[in-house]
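Here's the structure, in structure tokens; my notes come after.
Within every chain, numbering begins at 1; the chains are lettered A, B, ... in the order of the sequence lines, protein sequences first and strands thereafter. Model, not experiment: these values are computed from the prediction.
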Amino acid sequence: MAKQVLVTAALPYANGSIHLGHVLEAVQTDVYTRARKLAGDDCVFIWAADTHGTPIELRARREGITPEALIERAWHEHRRDYGDFDIGFDIFHTTHSDETRRHAEAIFAAMESRGDILSRPVEQLYCPHDQMFLPDRFVKGVCPNPKCKSPDQYGDSCEVCGSTHAPTELGDPHCSICGTAPELRSSTHLFVPLARHEAFLRQWLAPLEQGGHTELQASVRNYVMEWVDGGLRDWDISRDPPYFGFEIPGHPGKFFYVWFDAPVGYIGATEKFCRDRGLDFDAYWRDPERANTELVHVIGKDIVYFHCLFWPAMLHAGGYTTPSRVHVHGWLTVAGEKMSKTRGTFVLARTYLDHLPADYLRYYFASKLGGTQDDLDLNLEDFVSRCNADLVKKTANLASRSCKFITSRLGGTLGALGDETAEIVAAAQRRLEEARVHYLAFESGKALRCAMQIAEDFNLYLTEQAPWKLGPEQAERARQVCSAGVYASQVIAGILAPVLPRWAEKVERMLKLPHRLDFAHAGTPLGAGHVIGEYEILAEPIDPAKVAAIIEASKETTPVTIADTPAYEVEALQPETTIDAFAAIDLRVAKVLACAKVDGADKLLQLTLDVGPLGQRNVFSGIAKSYAPEQLVGKHVVLFANLKARKMRFGLSEGMILASGSTDDAVTVLELDGRSRPGERVS
RNA sequence: GGGCCCAUAGCUCAGUCGGUCAGAGCGGCCGGCUCAUAACCGGCUGGUCCCUGGUUCGAACCCAGGUGGGCCUACCA
């Protein structure tokens, strides 16, 4: 008996909107699931929102709403956006559910009863004002690297010099929420000694050919084995309040770390799904030998660690079904780079949908997805040309020319396929089968190439046979030729179906197919005498202006980073004035040639500035509390150049550089980028 | 600092076991066609297979070292 298949995608975090990177994973999972369904498998796509943890807690606090209200809002938004991308999940549940709580507790209880839970104190920074322990990312301070000393760096690593450190090493640490200096406090935490599961994990991770039971990409297996071979460390699974999550039974005041209960959301969502549909939950998740069930997780490369070590160990300990396959994909880049809000390449799912139909992006992603965890680039020109070439010029047009010829000139009735088509028909059927195999290996790019090859064969056939040149006496021959084009469009739609379900539905409708376009039926020709319906537009060319509009809209919408009400005060605005007042002030680009501390002065830096054709200037600036001298060397700054020179105790200051900041230790110097030229006027 | 992964034509990517492996699609140029959504067909164009060295009769492929990029990590993995 065929196994029932349960597929999941990573659970989107309920703290913010989904972007095209989320869509990439959703599309990959959806295409795989649809392909399996169309291949006749009993397959479900189980999904949920990931709702716990400090970021949710803090965001809710900042917005002045409850975490429950926040995740409720995100749940609706996510379900709608994914739905509009035609993601065919069978359920979209939430980890903040009774089902998930019960299963998380059951796994914890099973681990605890086996002695798999240790407890010991942990020293951590605590904010007395916010009354909470601070995760690394919520502590900011001066980079402890003596060569760097950059201010305002996170507790785990420095974005300026790239070094990493513990939050306790930061100079002048402060809570990133309220600014208070944190103190070191001790708290008891619960740990899972992962090393006790090493034997199981080694077996679980073994390649199929070595008696393993799990399909993993070789690169992923290598990566995970590094951790196993390097010695598995204890995993801290508890957090202190305030923490939005589940309190740990028997450990009052301790909450499950979000990564403990998040994947349990897969189980909780399945239970809800089974109850709603009257299905047997145990058949899915209480099948440790995987006699009935195939469990497939699709994830991004950043969370391999959780899904290939902690998760199988948890499931094993709790007596649940363990994953049959973990498929890992890379990141989405846009225009060759990480998504960037300032470049407008941080595109929200909704922003895309405001301008273009989901199908194009689904096709583009699917056409570039393979079995590797390489990053995938959304190249905007390539996106337009690929969709237009493949979907419109090649494929939709083949259907259009074939169908319209038959409906407009030949009464809509198909003929038998000619003997001379035997070869390309057989090739089409072979490619349909190849595509099915590719889809089931997560190779949708190769699967779609099969469809394009069919289109190429039959477009050529039509051109060679030139039915439009045949006279009325050869109408039956023309009917035969065009029927081949109709047949090709049917098979192609069968291959496209997992990626473009709406396309497949249109073809089913307009060809009046007796069966669904699944892999079993898509290759069967309609017989002579079958009457087809009117052609429906399958795809229209993408207007590149729409793509530009998406980028433009992404530039506009994202900088609206939910403006927090500022907690500081600024000077009142000066009285209104005219441009003339500004013209009197001559601002110039200046490059910092040298910069040094001034002996005998706490606040002063002495800068030597290159003002291009205007020569060099010596300027004293009261920014020493905010800048190390070497931070400024080479930078292009703005110089108030016609300011009367001023004698100071340490020498003559020939101008003033522009900076913001009301206190000496919080000054930001205006910097221009390298395109500016020293000496040029700033206006 | 350590680990895993990636680098092939202007663009996006295939290249299995070392031996027709210098490929496809798109783009560009030239020509043909007109049923079809200015779509379709043919021909041509195009590469230091990231670099250096090694193994081999033979390397895009195996090994070593670089360079550039992605991800993870450095006592809450």
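Nearest-nucleotide mapping onto RNA chain B: of A/Asn459 and A/Ser402, the residue sitting toward the 5' end is A/Ser402. Between A/Leu462 and A/Asp136, it is A/Leu462 whose nearest contact on RNA chain B lies nearer the 5' terminus.
The residue A/Asn397 sits close to a base: some heavy atom pair falls under 4.0 Å. Looking at heavy-atom distances under 4.0 Å, A/Val392 makes contact with a base. Residue A/Phe191 is out of contact with every strand shown, counting any heavy-atom pair closer than 4.0 Å. In this structure, A/Phe405 reaches the sugar-phosphate backbone alone: every heavy-atom distance under 4.0 Å involves primed, P, OP1 or OP2 atoms, never a base.
Between A/His52 and A/Phe244, the ring planes are perpendicular. Angles over 60° get that label, and only those under 30° would be called parallel.
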Dot-bracket encoding of pairs in RNA chain B, which uses [ ] for pseudoknotted crossings and | for another strand, Watson-Crick or G-U under 3.5 angstrom
(((((((..((((.....[...))))((((((.......))))))....(((((..]....))))))))))))....
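For A/Phe442 and A/Tyr32, the ring centers are positioned less than 6.0 Å apart. Here the two rings, on A/Phe256 and A/Phe246, have centers that are 6.0 Å apart or farther.
Sparse packing is recorded around CD of A/Glu423, with 12 or fewer heavy atoms of other residues, nucleotides or ligands lying under 6.0 Å away. Heavy-atom contacts from other residues, nucleotides or ligands closer than 6.0 Å to CZ of A/Arg502 number 12 or fewer. Enclosure of atom NZ in A/Lys506 by more than 12 non-hydrogen atoms of other residues, nucleotides or ligands within 6.0 angstrom is indicated. Sparse packing is recorded around CD1 of A/Ile537, with 12 or fewer heavy atoms of other residues, nucleotides or ligands lying under 6.0 Å away.
For the C1' atoms, the distance from B/A7 to B/U48 is 14 Å, rounded to whole Å. Going from the C1' atom of B/G58 to that of B/C17 covers 15 Å, rounded to whole Å. If you take atom P in B/A22 and the same atom in B/U67, they sit 32 Å apart, rounded to whole Å. Nucleotides B/G15 and B/C21 place their P atoms 14 Å apart, quoted to the nearest Å. Spacing of P atoms, B/A38 relative to B/G43, comes out at 24 Å, to the nearest Å. Straight-line distance between the P atoms of B/C13 and B/U55: roughly 35 Å, to the nearest whole Å. Only the C1' atoms considered, B/C75 is 22 Å distant from B/C71, to the nearest whole Å. Remark: the separation of the C1' atoms in B/C26 and B/U45 is 14 Å, to the nearest Å.
For the contact set between residues 254-264 of chain A and RNA chain B, defined by any heavy atom under 4.0 Å, there are no members. In the region residues 465-485 of chain A, proximity to RNA chain B at under 4.0 angstrom, judged on heavy atoms, holds for A/Trp468, A/Lys469. Within residues 434-458 of chain A, the residues that have a heavy atom under 4.0 Å from RNA chain B are, in order of number, A/Lys446, A/Arg449, A/Glu456. Contacts between residues 222-242 of chain A and RNA chain B, counted as heavy-atom distances below 4.0 Å, involve A/Asn222, A/Tyr223, A/Glu226, A/Trp227, A/Arg233, A/Asp234, A/Trp235, A/Asp236, A/Arg239. Only at 4.0 angstrom or more do the heavy atoms of residues 244-251 of chain A sit from any atom of RNA chain B, so none qualifies.
Between the side chains of A/Tyr363 and A/Asp390, at least one donor N or O lies within less than 3.5 Å of an accepting N or O.
Among B/G42, B/G25, B/U12, the nucleotide with an atom closest to any side-chain atom of A/Asp390 is B/G25. If you check B/U12, B/C6, B/C76 against the side chain of A/Asp377, the one that comes closest is B/U12. Of the candidate nucleotides B/U12, B/C41, B/C5, B/C41 has the atom nearest to the side chain of A/Thr463. Across B/C35, B/C71, B/C11, the shortest atom-to-atom separation from the side chain of A/Asp382 is found for B/C11. In this structure, the nucleotide among B/C71, B/C11, B/C5 sitting nearest to the side chain of A/Asp302 is B/C71.
In terms of phosphate contacts, A/Lys394 brings no side-chain nitrogen or oxygen within less than 4.0 Å of OP1 or OP2 of B/A39.
Considering only residues two or more places apart in sequence or on other chains, A/Pro544 meets the side chain to side chain contact (heavy atoms under 4.5 Å, CB included) condition with A/Val384. For A/Lys512, the side chain to side chain contact (heavy atoms under 4.5 Å, CB included) partners are A/His530, not counting sequence neighbours.
Contact annotation: the side chain of A/Asp382 never approaches that of A/Leu380 to less than 4.5 Å [non-hydrogen atoms, C-beta and beyond]. A/Val481 is listed as a side-chain neighbour of A/Leu462, based on a closest heavy-atom distance under 4.5 Å. Using a 4.5 Å cut-off on side-chain heavy atoms (C-beta onward), A/Phe260 and A/Trp235 make contact. Here the side chains of A/Leu190 and A/Phe108 are in contact, with some heavy-atom distance below 4.5 Å. Contact check for A/Lys338 versus A/Trp331: no side-chain heavy atoms found under the 4.5 Å cut-off.
Under 4.0 Å is where a charged nitrogen must lie from a carboxylate oxygen, and between A/Asp377 and A/Lys368 no such pair does.
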Protein-to-nucleotide contact annotation, 5' to 3' order, nucleotides 59-67 of chain B [B base; S sugar-phosphate only; - none; under 4.0 Å, heavy atom]
---------
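The line from NE2 of A/His329 to CD of A/Gln217 is 10.0 Å long, rounded to the nearest 0.5 Å. Summarising the geometry, atom OG1 belonging to A/Thr333 is positioned 11.5 Å from atom CG belonging to A/Leu20; distances are rounded to the nearest 0.5 Å.
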Yes or no on side chain to side chain contact (heavy atoms under 4.5 Å, CB included) for A/Leu511 and A/Cys403, after CA distance, side-chain angles and deciding distance?
CA-CA 9 Å; A/Leu511 297 188; A/Cys403 292; 4.0 Å; yes
Would you check, one step at a time, whether the test side chain to side chain contact (heavy atoms under 4.5 Å, CB included) holds for A/Ser186 with A/Val122?
CA-CA 5 Å; A/Ser186 179; A/Val122 172; over 6 Å; no
Using nucleotides 27-31 of chain B, report all nitrogen or oxygen pairs with the protein that are shorter than 3.5 Å.
from, atom 1, to, atom 2, distance (Å)
B/G27, OP1, A/Lys393, NZ, 3.4

Without placing hydrogens or testing angles, list every side-chain donor-acceptor pair under 3.5 Å for residues 298-310 of chain A, not counting sequence neighbours.
from, atom 1, to, atom 2, distance (Å)
A/Lys301, NZ, A/Asp375, OD1, 2.7
A/His307, ND1, A/Ile303, O, 3.2
A/His307, NE2, A/Tyr266, OH, 2.8

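Because its NZ or CZ atom is both nearer than 6.0 Å to the ring centre of A/Tyr257 and within 45° of the ring axis, A/Arg239 counts as a cation-pi partner of that residue. Geometric assessment of A/Arg436 against the ring of A/Tyr439 yields a negative cation-pi assignment under the 6.0 Å and 45° thresholds.
Sorted by first and then second residue, the pairs that involve residues 254-263 of chain A and meet salt bridge (charged side-chain N to carboxylate O under 4.0 Å, His left out), not counting sequence neighbours, are A/Asp240-A/Lys254.
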